[in-house]
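Please read the structure below before turning to the comments.
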Amino acid sequence: MAVEEGILLGMGNPLLDISAVVDQEFLDKCDIKLNNAILAEEKHLPMYEEMASKFNVEYIAGGATQNSIRVAQWMLQTPDATSYMGCIGKDKFGEEMKKNSTQAGVNVHYYEDESAPTGTCAVCVVGGERSLVANLSAANCYKSEHLKRPENWVLVEKAKYYYIAGFFLTVSPESIMLVAEHAAAKNKVFMMNLSAPFICEFFKDVQEKALPYMDYVFGNETEARTFSKVHGWETDNVEEIAVKISQWPKASGTHKRITVITQGADPTVVAEDGKVRLFSVIKLPKEKLVDTNGAGDAFVGGFLSQLVKEKPIEDCVRAGSYAANVIIQRSGCTYPEKPDFN
């Protein structure tokens, strides 16, 4: 079934990924851990230049939400089925991003900031695992005024599904709440991602404010365990944590909350109605793994592509698993011309 134009809207931090295979020595020197995502501090800023001079870097349009929206768009193959908002700079990287996303078929409405450069994310790959260090720059300048402009708000009104990665909580919680409240009032589907341990720890208050509105919560096992620890749940059991997140009180009773937690090569956990279902992922031989950057984003994108078609949960998870499997065999969050999913 074809989907209508603009059915899915994403908002987030558009970042240009600067991706390279590095070594453990470089990670240690920059004081970063594998399989983690952090915001750049002062001490990390020189690493972007160093990566470009020392390693073979690739530039790929990224940012968690934008990745998921691009993958959903790719899976759907209906031009402008998806739209996206976020803030970029008026520069070469920003132009690159616009071109890249538009070519991917996404209807992008960027807020262009005059004063800050387009955000970047260092993607350091060692043994196929990735570490992300985001220098938000312009992405940090998104304002809810942009969202409220009629030409942008119309995207909110058109959409029936909304997806925002947790990273956007650090930038514009006000924009998130505007969309969340609209979704609740109009019985639409609002979804977020735990996104990173630091979001659960240091942005707990804004995350808790948005939680009642979330109809779907995505995350991985590390983020789920951090969420549990921060809320004093005293359990490391991902299945228990998924159930507890799904039972968090809701702002609107229209949709029940479903929690979807990925665990790398281990089964994906789906919690709803106090029960858990496990779905195995597509196995990939180690030698075919290129890098895990964008795997979680791709899973969400694949999942959303079937959700907007009102397919059952098992089809959504299967599509998520398929998309993640495609992405990890390529560098960055990139994909072949057409999906091979049925």
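Along the sequence shown, residues are numbered consecutively beginning with 1. In what follows, every heavy atom counts, from backbone to side chain, and hydrogens, waters and symmetry copies are set aside.
- Between Tyr163 and Phe190, a ring centre-to-centre spacing not shorter than 6.0 Å is recorded.
- More than 12 heavy-atom neighbours from other residues, nucleotides or ligands sit within 6.0 angstrom of NZ on Lys148.
- A donor-acceptor contact shorter than 3.5 Å is absent between the side chain of Lys186 and the backbone of Ala184.
- Ionic pairing of Glu112 and Lys98 is present here: one or more N-O contacts between side-chain nitrogen and carboxylate oxygen are shorter than 4.0 angstrom.
- Note: the hydrophobic cluster containing Val3 also contains Leu307 (ILVMFWY, side chain heavy atoms under 4.5 Å, direct or indirect links).
- The neighbour count for Asp28 CG, taken as heavy atoms of other residues, nucleotides or ligands under 6.0 Å away, is above 12.
- No donor-acceptor contact under 3.5 angstrom links the side chains of Tyr161 and Lys188, judged on distance only.
- One finds the CG atom of Asp17 at 6.5 Å from the CG atom of Asn67 (value rounded to the nearest 0.5 Å).
- Hydrophobic clustering of Ile, Leu, Val, Met, Phe, Trp and Tyr side chains at less than 4.5 Å, counting indirect connections, unites Ile245 with Phe198.
- The OG1 atom of Thr82 lies 10.0 Å from the CD atom of Glu5; values are rounded to the nearest 0.5 Å.
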Residue pair Thr268, Ser321: steps toward the side-chain contact (heavy atoms from CB on, under 4.5 Å) verdict | CA-CA 9 Å; Thr268 298; Ser321 188; over 6 Å; no

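- The hydrophobic clustering, which links ILVMFWY residues whose side-chain heavy atoms are closer than 4.5 Å, places Val260 and Leu8 together.
- Without hydrogens or angle criteria, Thr65 side chain to Ala165 main chain gives a donor-acceptor distance under 3.5 Å.
- Not counting sequence neighbours, His255 has no partner by the ring-ring contact (aromatic ring centres under 6.0 Å, His included) test.
- Listed here is the closest heavy atom pair of Lys283 and Ala265: NZ-O, 3.0 Å.
- Between atom CD of residue Glu201 and atom CD of residue Gln207 there is a gap of 10.5 Å, rounded to the nearest 0.5 Å.
- Under the 3.5 Å distance criterion, the side-chain polar atoms of Thr226 are matched with a main-chain donor or acceptor of Thr222.
- Heavy-atom contacts from other residues, nucleotides or ligands closer than 6.0 Å to NZ of Lys209 number 12 or fewer.
- In terms of heavy-atom proximity, Cys124 sits nearest to Val22 at CB-CG2, 3.7 Å.
- Taken together through direct or relayed side-chain contacts under 4.5 Å among Ile, Leu, Val, Met, Phe, Trp and Tyr, Val189 and Phe218 form part of one hydrophobic cluster.
- Within the 3.5 Å criterion, the main-chain N or O of Leu304 finds no donor-acceptor partner in the side chain of Lys309.
- Other residues, nucleotides and ligands place more than 12 heavy atoms under 6.0 Å from the CD atom of Glu151.
- For His146 and Trp153, the gap between ring centers reaches or exceeds 6.0 Å.
- Glu223 places no side-chain N or O within 3.5 Å of a backbone atom of Gly219 that could act as its donor or acceptor partner.
- For the pair His231 (side chain) and Ser228 (backbone), a donor-acceptor distance under 3.5 Å is absent.
- Heavy atoms only, all atoms of each residue included: Leu15 and Cys121 are closest at CD1-CB, 4.0 Å.
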Does the side-chain contact (heavy atoms from CB on, under 4.5 Å) test come out yes or no for Val270 and Ile258, once each step is laid out?
-> CA-CA 7 Å; Val270 176; Ile258 297 176; 3.8 Å; yes

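- A donor-acceptor pair shorter than 3.5 Å cannot be found between the side chains of Glu58 and Ser19.
- Atom CD of Glu42 has 12 or fewer neighbouring heavy atoms from other residues, nucleotides or ligands inside a 6.0 Å radius.
- Between atom CD1 of residue Ile164 and atom CE of residue Met85 there is a gap of 9.0 Å, rounded to the nearest 0.5 Å.
- Judged by distance alone, the side chains of Asn220 and Thr262 never bring a donor and an acceptor atom under 3.5 Å apart.
- In this structure Phe341 satisfies the ring-ring contact (aromatic ring centres under 6.0 Å, His included) test together with Tyr322, sequence neighbours excluded.
- With Arg257 contributing its side chain and Trp248 its backbone, the two residues share a donor-acceptor pair below 3.5 Å.
- Ring geometry for Tyr84 versus Tyr110: interplanar angle over 60°, hence perpendicular rather than tilted (30 to 60°).
- Using a 30° and 60° split on the angle between ring planes, Phe26 and Phe55 fall in the perpendicular class, above 60°.
- Leu194 CG to Ile199 CD1: the interatomic distance, rounded to the nearest 0.5 Å, is 9.5 Å.
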Derivation of the salt bridge (Lys or Arg N to Asp or Glu O under 4.0 Å) call for Lys256 and Asp215 | CA-CA 6 Å; Lys256 57 189 174 185; Asp215 299 308; over 6 Å; no

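- Between the side chain of Arg70 and the backbone N or O of Gly301 there is no donor-acceptor pair closer than 3.5 Å.
- Using a 3.5 Å distance cut-off with no hydrogens or angles, the side chains of His182 and Glu157 do not pair a donor with an acceptor.
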Stepwise side-chain contact (heavy atoms from CB on, under 4.5 Å) test for Leu169 and Ile176 | CA-CA 7 Å; Leu169 287 165; Ile176 294 176; 3.6 Å; yes

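- When all heavy atoms of Val171 and Ala139 are compared, the closest pair comes out as CG1-O, 3.3 Å.
- No side-chain donor-acceptor contact under 3.5 Å links Asn237 and Thr235.
- Side chain of Tyr111 to main chain of Leu147: no donor-acceptor pair is present (N/O by atom type, distance under 3.5 Å, no hydrogens or angles).
- A donor atom on one side chain and an acceptor atom on the other are not found under 3.5 Å apart for Glu96 and Asn100.
- Using a cut-off of 4.0 Å between Lys/Arg side-chain N and Asp/Glu carboxylate O, Asp31 and Lys43 are scored as salt-bridged.
- Between the side chains of Glu272 and Ser246, not a single donor N or O lies within less than 3.5 Å of an accepting N or O.
- Between Lys92 and Glu95 there is no salt bridge, since none of the side-chain N atoms of the basic residue sits less than 4.0 Å from a carboxylate O of the acidic one.
- Side-chain heavy atoms closer than 4.5 Å link hydrophobic residues (I, L, V, M, F, W, Y) into clusters, and following such links, even through other members, never connects Phe299 to Trp74.
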Stepwise salt bridge (Lys or Arg N to Asp or Glu O under 4.0 Å) test for Glu4 and Lys160 | CA-CA 10 Å; Glu4 55 213 82; Lys160 296 197 172 92; 2.6 Å; yes

Verdict with reasoning, Leu132 to Ile38, per side-chain contact (heavy atoms from CB on, under 4.5 Å) | CA-CA 6 Å; Leu132 307 176; Ile38 60 170; over 6 Å; no

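- Formation of a donor-acceptor pair under 3.5 Å by the Arg225 side chain with backbone atoms of Pro197 is not found in this model.
- Going from atom CE of Met191 over to atom OG of Ser68 covers 10.0 Å, rounded to the nearest 0.5 Å.
- Summarising the geometry of Ser175 relative to Met11, their closest heavy-atom pair is CB-CE, 3.8 Å, with the distance given to 0.1 Å.
- Counting heavy atoms of neighbouring residues, nucleotides and ligands inside a 6.0 Å radius, atom CD of Gln24 exceeds 12 of them.
- Lys250 places none of its side-chain heavy atoms less than 4.5 Å from the side chain of Met214.
- Using a 3.5 Å distance cut-off with no hydrogens or angles, the side chains of Asn36 and Ser131 do not pair a donor with an acceptor.
- Contact check on Lys229 versus Asp236 returns no salt bridge, with no Lys/Arg side-chain nitrogen under 4.0 Å from an Asp/Glu carboxylate oxygen.
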